[in-house]
2 protein chains.
Amino acid sequence: MGAPAQTDLPQGTLDLLILRVLALGPMHGYAIARRIQQTSREVLAVQQGSLYPALHRLENKGALSADWKLTDTGREAKFYRLTARGRTRLESETANWRQLVEAVGLILGDPEGERR
Amino acid sequence: MGAPAQTDLPQGTLDLLILRVLALGPMHGYAIARRIQQTSREVLAVQQGSLYPALHRLENKGALSADWKLTDTGREAKFYRLTARGRTRLESETANWRQLVEAVGLILGDPEGERR
DNA sequence: CCCCCATACCTATCGCTTCTACATATCATC
DNA sequence: GATGATATGTAGAAGCGATAGGTATGGGGG
């Protein structure tokens with residue numbers, strides 16, 4: 001319940017998070033944001049002004065598709081799901097992220113850098 | 001000598017890398033870029049058009065100070081070194097980075113996320 | 001001697017993403 | 001009927017890294 005410590009997300013990270021959450025199944029935007037915040041133990045906070053443009057971008061790129069449905073609570077919401085292209089994108093972005101983390105770890109001198 | 005795989009650096013990462021490299025001792029810009037590339041096993045490539053503006057920004061913020069000296073090969077170069085403020089900044093940015101990596105790891109479902 | 005490459009610095013501009021701030025609408029609860 | 005959570009959206013600002021240029025020097029090969 002503390003305020004999220006990670007106020008700013010590095011560029012490109014949001015796409016990865018969205019894609020990964022949607023790999024668990026279709027979900028609407030608001031729920032995606034909540035899921036990210038909860039799963040990250042309140043460290044990551046996705047702003048609405050970042051979330052919806054990101055979803056639209058991913059949809060335009062063909063990584064997501066969406067349709068309006070009713071939520072559990074009986075409200076209209078836009079449910080997004082991964083397309084085949086989105087799944088591919090998730091894989092490449094995940095690999096890219098891990099490589100980045102490992103590379104930065106080498107610079108920082110993290111012991112994990114040598115592990116493997 | 002493969003081409004660097006990480007073409008784009010996420011926003012904010014470059015400062016961290018520069019500060020960390022300079023924590024090892026004063027160095028000029030061109031050498032900083034080389035060091036990052038080598039230490040990361042050719043994964044990270046720092047473009048000159050990113051490097052020099054970043055150095056100037058960090059200098060303006062008081063994280064670095066610079067003066068011209070001769071390199072080993074007898075050429076003029078601008079040697080940067082960490083200020084006290086820069087050292088503080090390095091620590092906070094490092095902590096921030098680790099927290100980010102852990103949080104994203106939780107979303108991705110990395111086993112490391114549970115470790116600790 | 002000349003050309004090329006690595007070294008070493010710099011800047012203008014673009015592109016992209018995220019953030020801030022605002023606007024809208026429904027539903028449940030008090 | 002007011003309030004807060006749910007749910008979506010846009011406009012504008014800000015920041016950073018990348019692209020693409022430019023300058024200058026030194027060393028090695030042809």
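This is a predicted model, so every value here is computed, not measured.
- Looking only at side-chain heavy atoms (C-beta outward), A:L16 and B:L108 come within less than 4.5 Å of each other.
- Remark: A:Y52 pairs with no residue by the ring-ring contact (aromatic ring centres under 6.0 Å, His included) rule, at least two apart or across chains.
- Within the 4.5 Å cutoff, the side chain of B:M27 has heavy atoms near those of the B:L22 side chain.
- Between A:T73 and D:dA5, a side-chain N or O to OP1/OP2 separation shorter than 4.0 Å is absent.
- Considering only side-chain atoms of B:Y52, the nucleotide from D:dA7, C:dT11, D:dT10 that sits closest is C:dT11.
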Dot-bracket encoding per residue of DNA chain C, Watson-Crick/G-U cut-off under 3.5 Å, | denoting interstrand: ||||||||||||||||||||||||||||||
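- Counting heavy atoms from C-beta on, the side chains of A:D110 and A:V104 never come closer than 4.5 Å.
- We find that CG of A:L100 is positioned 13 Å from C1' of D:dG17, with the value rounded to whole Å.
- Looking at every heavy atom in both residues, A:R85 comes nearest to A:G62 through CB-O, 3.6 Å.
- Taking all atoms of both residues into account, the shortest heavy-atom contact from B:L9 to B:A45 is CD1-O, 4.5 Å.
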Contact list (N/O, under 3.5 angstrom) for nucleotides 22-25 of chain D vs protein:
from, atom 1, to, atom 2, distance (Å)
D:dT25, O2, B:R75, NH1, 3.3
D:dT25, O2, B:R75, NH2, 2.3

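- Other residues, nucleotides and ligands place more than 12 heavy atoms under 6.0 Å from the NZ atom of A:K61.
- The closest side-chain heavy-atom distance from B:R89 to B:L58 is below 4.5 Å.
- Residues satisfying the ring-ring contact (aromatic ring centres under 6.0 Å, His included) test with B:Y30, not counting sequence neighbours, are none.
- The nearest whole Å value for the distance from the CG atom in A:L55 to the P atom in D:dT10 is 11 Å.
- For the pair A:L44 CG and C:dC19 C1', the interatomic distance rounds to 15 Å; values are reported in whole Å.
- Closest to the A:Q11 side chain, of the nucleotides C:dT17, D:dG17, C:dC19, is C:dT17.
- At a threshold of 4.0 angstrom between heavy atoms, the contacts of A:G12 are confined to the sugar-phosphate backbone, with no base atom among them.
- D:dG17 atom P lies 12 Å from atom CD of B:Q47, rounded to whole Å.
- Distance, A:L16 CG to C:dT18 C1': 16 Å, rounded to whole Å.
- Contacts between residues 56-71 of chain B and DNA chain D, counted as heavy-atom distances below 4.0 Å, involve B:R57, B:K61.
- Looking at B:T39, its side chain never comes within 3.5 Å of a backbone N or O of B:I36 through a donor-acceptor pair.
- Here the side chain of B:T83 pairs no donor or acceptor atom with the backbone of B:S65 at under 3.5 angstrom.
- Residue-to-nucleotide proximity on DNA chain C shows that, of A:S50 and B:E76, the 5′-proximal contact is made by B:E76.
- In the region residues 17-35 of chain A, proximity to DNA chain D at under 4.0 angstrom, judged on heavy atoms, holds for A:H28, A:G29, A:Y30, A:R34.
- Rounded to an integer number of Å, the gap from A:D72 CG to C:dC27 P is 15 Å.
- For A:G49 and B:P53, each mapped to the nucleotide of DNA chain D holding its nearest heavy atom, the one lying further toward the 5' end belongs to A:G49.
- Using a 4.0 Å heavy-atom distance criterion, A:L51 is classed as making no nucleic acid contact.
- Looking at A:T94 and A:R20, their side chains never bring a donor and an acceptor atom within 3.5 Å of each other.
- B:V21 and B:F79 are assigned to two separate hydrophobic clusters, defined by single-linkage of ILVMFWY side chains at heavy-atom distances under 4.5 Å.
- In this structure the side chain of B:K69 never reaches within 4.5 angstrom of the side chain of B:H28, judged on heavy atoms.
- Residue B:D8 contributes atom CG, which lies 10 Å from atom P of C:dT17 at whole-angstrom precision.
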